[in-house]
Amino acid sequence: MARTVTARRKAINTAIAWTIGLLIFFPILWTILTSFKTEAEAIASPPSFLFFDWTLENYAVVQERSNYMRFLWNSVIIAVGSTILGIIIAVPAAWSMAFVPSKRTKDILLWMLSTKMLPAVGVLYPIYLIFIRMGILDSRAGLVVVLMLINLPIIVWMLYTYFKEIPGEILEAARMDGATLKSEILYVLTPMAIPGIASTVLLNIILAWNEAFWTLNLTAANAAPLTAFIASYSSPEGLFYAKLSAASTMAIAPILILGWFSQKQLVRGLTFGAVK
Amino acid sequence: MATKASRSAARLMMAPAVILLLGWMLVPLTMTLWFSFRRYLPLRGGDQGWTGFDNYVRFVTSSAFWPAVQATLVIVGGVLIITVCLGVLLAILLDQPMWGQGIVRVLVIAPFFVMPTVSALVWKNMFMDPVNGLFAHVWRFFGAEPLSWLSEASMPSIILIVSWQWLPFATLILLTAIQSLDSEQLEAAEMDGAPKLKQFWFIILPHLSRAITIVILIQTIFLLSIFAEIFVTTGGAFGTRTLTYLIFQRVLESQNVGLGSAGGVYAIILANIVALFLMRIVGKNLDN
């Protein structure tokens, strides 16, 4: 913004914005802090903010008692697996829609979007039944497929908007220079498409990691990812605040970090290109 | 540039995505429709034949239906009002010049990346617990009797949790929209002596109207189907049973698949009405 502001104005803005920012972030901060307390300190009244004996004990206990690594591993496989599978299916589709558009391209894109709007609970029993019949209830493979399908419209859309931005003139120039189709794809298009594909991967890993309808309803002991593991803390283990906090911190930390890299893509991916 | 050969190649490249999504949509939808017209109790006699529109009538005449509609409307409406209003204010604030803008933005956006079960559980136990929750400490500090939030003020509590999760989304999108505002317009208004409030009302808000519409539509679709937040906190008790949760209970808890499926069809119709408006805007955007 080109408007000139006084230093005083800027200081006031800064103070207000930081206060609100910290307020919004506080529940997360509090969870992280509590995870380093002992159980007694976690429920002490009045609660201590920073001045307590920091301990890593909770992290060790969570892993020991609940086999945390298995849930983490399930989350990783489900989130990464469904994203990779989705990308493999979506790249050719988005590619052809962006570079060889037909009259029906727009209708197909909108129809794909409409499948994303289908409320999950409306098809809960059919999916449940199909999973039982196919013997994939509580299996990671089943969840990979379901999460791939619910995120496929977003993946196609994001890739489409990115591919659409690759200027056609570059292709023509490459052809004039005598590039074959193979070298055109390999040396011209791929380098330009990779950033878009990377952002799409990032956002979809986040969405799949946090998905909490199908992961709660279609898993039990074997394939349960972190969403279901945390839900199992509901009671009475939830009363052990420090351990609950340690488990929660570990569940959200990887995604918080990934999320910070993907702020821009979030807008594009979740508004289907309507806000840029 | 599109030849016949490239057209058929394009169709082939699109085929897997289209076929998969078509199957994902049609197969379960057909099954839901089929079940909704049958008396189907998997644990009590299985499929007992056609019942016509009986399930549809029973779903809307059951005593749980209207409270569920009300709970859904209150949660969706409450969260929308809070997130859109605060989102606009926050977006304007974050757009102002300040020190450490990037860090503040990260702090504000962070809740969106917290998985729903974690945020529900953290709020439920560490903030809203009537004995050891942080709110209870604060209440006692001021000499007030701590509330049992999730049972005594269940709706405001759920709305607070869900708003906290969705405020970053609204803020981020509105901030992106604000940043595309031509600052010369504001400067001209300032020179003409327009007060801040008028600038907001006549320049900023109209500029944001499209982004606000999109936020409302997208959030409505997601909020209509919130599940984990209720599953973890109240389990549908204390008047927080939404339509989504009611259908879930009918289908999986009481295993009345026919009745639940009829509810599912209602939910699908409802979501489609909202989706139609959203698709219009998105479709228009594609033409440009």
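Letters go in sequence order (proteins before strands), and every chain restarts at 1.
For A/Thr34, the part lying under 4.5 angstrom from a heavy atom of chain B is the side chain only. For A/Leu110, the parts sitting under 4.5 Å from any heavy atom of chain B are the backbone and the side chain alike. Proximity to chain B (any heavy atom under 4.5 Å) is restricted, for A/Ile206, to the side chain, taken from C-beta onward. Both the backbone and the side chain of A/Leu22 come within contact range of chain B, each with at least one heavy atom under 4.5 Å from a heavy atom of that chain. Contacts between A/Tyr128 and chain B at a heavy-atom distance below 4.5 Å involve the side chain alone, from C-beta outward. With a threshold of 4.5 angstrom between heavy atoms, B/Ile268 approaches chain A through its backbone and through its side chain. Looking at B/Leu29, the atoms closer than 4.5 Å to chain A (heavy atoms on both sides) sit in the backbone and in the side chain alike. Looking at A/Leu29, neither its backbone nor its side chain comes within 4.5 Å of chain B, counting heavy atoms on both sides. Both the backbone and the side chain of A/Leu149 come within contact range of chain B, judged by heavy atoms closer than 4.5 Å. With a threshold of 4.5 angstrom between heavy atoms, A/Leu118 approaches chain B through side-chain atoms but not through N, CA, C or O. Contacts between A/Ala90 and chain B at a heavy-atom distance below 4.5 Å are absent for every atom of the residue.
Judged by distance alone, the side chain of A/Tyr125 and the main-chain N or O of B/Thr32 form no donor-acceptor pair under 3.5 Å. A donor-acceptor pair under 3.5 Å is absent between the side-chain atoms of A/Asn13 and the main chain of B/Gln96, judged by distance alone. Remark: side-chain polar atoms of B/Trp164 are paired, donor with acceptor, to backbone N or O of A/Ile24 under 3.5 angstrom. Although no hydrogens or angles enter the test, the distance criterion places no donor-acceptor pair under 3.5 Å between the side chain of B/Thr117 and the main chain of A/Ala231. No side-chain donor-acceptor contact under 3.5 Å links B/Trp24 to the backbone of A/Thr115.
Within the 4.5 Å cutoff, no side-chain heavy atoms of B/Phe113 are placed close to those of A/Ile252.
No more than 12 heavy atoms of other residues, nucleotides or ligands shown are found within 6.0 angstrom of CZ on A/Arg104.
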Just do the side chain to side chain contact (heavy atoms under 4.5 Å, CB included) check on A/Leu124 and B/Ile247 with the steps written out, would you?
-> CA-CA 9 Å; A/Leu124 172 60; B/Ile247 298 167; over 6 Å; no

For A/Ile130 and B/Met31, run side chain to side chain contact (heavy atoms under 4.5 Å, CB included): C-alpha distance rounded to whole Å, both residues' side-chain angles, the deciding distance at 0.1 Å, then the answer.
-> CA-CA 10 Å; A/Ile130 292 170; B/Met31 287 169 78; 3.9 Å; yes

What's the verdict on side chain to side chain contact (heavy atoms under 4.5 Å, CB included) for A/Trp30 and B/Leu134, showing C-alpha distance, side-chain angles and the deciding distance?
-> CA-CA 10 Å; A/Trp30 190 245; B/Leu134 204 59; 3.6 Å; yes

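Taken to the nearest 0.5 Å, the CD1 atom of A/Ile108 stands 4.5 Å off from the CE atom of B/Met14.
Looking at residues two or more places apart in sequence or on another chain, you find no side chain to side chain donor-acceptor pair (under 3.5 Å) involving A/Ser245.
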